[in-house]
Amino acid sequence: MTSSDNYKHMARALRLAERGLYSTHPNPRVGCVIVKDDRVVGEGWHERAGGPHAEIHALQQAGTEAAGATLYVTLEPCCHYGRTPPCTDAVIASGIEQVVVAMEDPNPQVAGNGLRVLREAGIEVRAGLLATEAEALNCGFVMRMRGGRPWVRAKLAMSLDGRTAMASGESQWITGAEARHDVQRLRARSSAIMTGVDTVLSDDPSLTVRLDAHDEARQPLRVILDSQLRTPPQARLLGLPGNTLILTGEQPAAGAAAFGTGVEVSGLPLADGRMDLAGVLQHLGSRQINEVHLEAGATLCGALLAAGLVDELVIYLAPHLMGDAAHGLFALPGLEHMEDRIGLEISDIRAVGKDWRITARVST
């Protein structure tokens, strides 16, 4: 098979993996294509946690034609028992002749062992084809497996002069309907939506996913950082579908029981009277949170950014001016000289309705 054919089939496997963008939490998004005699005989993707993996769907579709075929998969096949049996067993039993993998699984339970098992069974194995693209699709899963914390994506909306709310606090709506709909897709792909208690008190947000095609049963976990447990029990988001986690100081106040069902209050050690942000993310990683969608005010966004804990910024830029009395994007005290600037690497700029969406990462 030619090199261009290999790229074509792996690219197709990546497109299949994207179909699980909203539904596989806490598992990675994986796609698989099986090819025999230049024909695609099987396809599949991981649809949701607890269900068959991508390889199993593709092998079931291929049936007996899997014998002697090449299997393309975006992530190394698992070789351990979890909610489902090892995929390596099914691949070996099918008679697959060659396996092409985009990237090795960063999960320590796999981490190259799946490829080793396949090679020991006499299957030709190649790894690394479109690995960068495969890792980008599962940035949160990879971050959690390698660093113990989720990927943090900060969503912000601002005017052309960099303002997020009027001096009065009024902020609805900075951007147009198309941009706000685009944000729903970012929320839907996340494991958790995080904010600070000040945003809850000032804006009373919902922080839910509102997409017609989205599975309403899979609302991301809502996370409120609230060191002094000031979240009011009547806050809107506490009564909406899905679960809410309030992270507070080491000893949650006695009033924690007032929040009712669907709300968990958990105490974490504080740092100088504030939430230890690195500790917060490690805690969320221990809860199998892959991607955190951050929608918060300038103080929390600025603190996470200054601590090097924001992995990606998605900024919606609206074509209007709000004046110098309006609120800014980040609270970043201490930036006094040009050399103190926080550099960004912009990876994408595109129009969303009348607004512009800028995707960037902090320069390293």
Side-chain angles (χ1 to χ4, degrees), residues 17 20-30 46 48-51 75 82-83 105-110 135-155 183-197 199-200 205-209 214-227 231 237-238 240-248 252 262-269 275-296 300-301 303-305 307-314 361:
L21 192 65
Y22 302 154
S23 61
T24 63
H25 162 81
N27 289 355
R29 300 123 181 172
V30 184
H46 184 42
R48 61 185 65 250
L75 187 70
R83 297 190 192 183
D105 192 336
N107 185 343
Q109 291 181 295
V110 186
E135 183 165 333
L137 184 61
N138 287 302
C139 55
F141 178 79
V142 172
M143 176 69 78
R144 179 165 66 86
M145 289 297 156
R146 291 177 179 168
R149 70 164 181 88
W151 179 272
V152 177
R153 180 181 294 109
K155 187 281 297 183
V183 170
Q184 295 299 319
R185 289 192 285 268
L186 292 179
R187 288 182 177 183
R189 68 170 290 167
S190 303
S191 304
I193 302 172
M194 186 167 74
T195 194
V197 66
T199 296
V200 174
S206 299
L207 301 184
T208 55
V209 176
H214 182 66
D215 180 2
E216 291 295 336
R218 217 293 287 174
Q219 286 287 342
L221 176 69
R222 295 182 290 271
V223 179
I224 303 171
L225 303 192
D226 182 0
S227 62
T231 301
L237 57 77
L238 302 183
L240 295 173
N243 296 318
T244 301
L245 170 66
I246 302 175
L247 296 178
T248 187
V263 181
E264 177 186 352
V265 179
S266 183
L268 295 178
M275 300 302 300
D276 178 350
L277 298 179
V280 164
L281 295 184
Q282 289 291 321
H283 179 77
L284 294 179
S286 72
R287 290 175 175 256
Q288 296 188 303
I289 299 296
N290 289 335
E291 295 182 24
V292 166
H293 176 88
L294 176 66
E295 291 195 25
L300 179 54
C301 286
L304 283 161
L305 185 63
L309 297 174
V310 173
D311 301 294
E312 186 176 32
L313 298 126
V314 179
R361 297 184 186 180

Worksheet item: Less than 4.5 Å apart, any side-chain heavy atom of Leu75 and any of Pro106?
Response: yes

Discussion item. Using a 3.5 Å distance criterion without hydrogens, assess whether the side chain of Thr244 forms a donor-acceptor pair with backbone atoms of Leu238.
Written reply: no

Discussion item. Can you tell me how far apart CD1 (Ile289) and CG (Leu281) are? Round to the nearest 0.5 Å.
Written reply: 11.0 Å

Item to complete: Would you confirm whether Asp311, through its side chain, and Val152, through its main-chain N or O, come within 3.5 Å as a donor-acceptor pair?
Response: yes

Practice prompt. Inspect the contact between Arg189 and Glu312 and indicate whether a charged nitrogen and a carboxylate oxygen are less than 4.0 angstrom apart.
Written response: no

Worksheet item: Does the side chain of Cys301 come within less than 4.5 Å of Val310's, by heavy atoms?
Response: no

Fill in: Nearest atoms (heavy-atom pairs only) where Ala303 meets Leu277
CB-CD1, 3.7 Å

Discussion item. Quick one: does any side-chain atom of Thr248 pair with a main-chain N or O of Ser227 as donor and acceptor, under 3.5 Å?
Written reply: yes

Worksheet entry | Shortest non-hydrogen separation from Gly285 to Pro150 and the atoms involved | N-CD, 3.8 Å

Worksheet item: Which heavy-atom pair separates Phe141 from Asn107 by the least distance, and what is that distance?
Response: CZ-CB, 4.3 Å

Worksheet, complete the sentence: To the nearest 0.5 Å, atom OG of Ser190 lies from atom CZ of Arg185 at 13.0 Å

Worksheet, complete the sentence: Between the OG atom in Ser191 and the CZ atom in Arg287, the distance rounded to the nearest 0.5 Å is 13.0 Å

Discussion item. Glu291 and salt bridge (Lys or Arg N to Asp or Glu O under 4.0 Å): which single residue from Arg187, Arg29, Lys155 fits?
Written reply: Arg29

Worksheet item: Got a second to check how far Leu245's CG is from Ile224's CD1, nearest 0.5 Å?
Response: 8.5 Å

Practice prompt. Verify, without hydrogens or angle tests, whether Asp226 (side chain) and Thr231 (backbone) share a donor-acceptor contact under 3.5 angstrom.
Written response: yes

Fill in: Check against side chain to side chain contact (heavy atoms under 4.5 Å, CB included), Leu240 and Gln219
CA-CA 10 Å; Leu240 295 173; Gln219 286 287 342; over 6 Å; no

Worksheet item: Judged by atom type as modelled, is there a donor-acceptor pair below 3.5 Å linking the side chain of Arg48 to the main-chain atoms of Ser23?
Response: no

Worksheet item: What are the two closest heavy atoms between Pro220 and Val209, and how far apart are they?
Response: CD-CG2, 3.5 Å

Item to complete: Please name the pair of heavy atoms, one in Val200 and one in Pro205, separated by the smallest distance, quoted to 0.1 Å.
Response: CA-CD, 3.7 Å

Worksheet item: How far apart are the closest heavy atoms of Ala17 and Val30, and which atoms are they?
Response: CB-C, 3.4 Å

Discussion item. Pair Glu295, Leu207 - check side chain to side chain contact (heavy atoms under 4.5 Å, CB included), show working.
Written reply: CA-CA 8 Å; Glu295 291 195 25; Leu207 301 184; 4.1 Å; yes

Worksheet item: Any side-chain heavy-atom pair from Pro108 and Met145 closer than 4.5 angstrom?
Response: yes

Practice prompt. Hey, could you give me the OG1/CG distance between Thr24 and Asn138, rounded to the nearest 0.5 Å?
Written response: 7.0 Å

Practice prompt. Indicate yes or no: at least one non-hydrogen side-chain atom of Met194 is less than 4.5 angstrom from one of Val280.
Written response: yes

Fill in: Value rounded to 0.5 Å, distance of CE in Met275 from CG in Leu268
5.0 Å

Discussion item. If we ignore hydrogens and angles and just use 3.5 Å, is the side chain of Asn27 paired with the main-chain N or O of Ala49 as donor and acceptor?
Written reply: no

Practice prompt. Show your working on side chain to side chain contact (heavy atoms under 4.5 Å, CB included) between Val314 and Arg153 and close with a plain yes or no.
Written response: CA-CA 7 Å; Val314 179; Arg153 180 181 294 109; 3.9 Å; yes

Worksheet item: Does the side chain of Ile193 reach to within under 4.5 Å of the side chain of Thr208, using non-hydrogen atoms?
Response: no

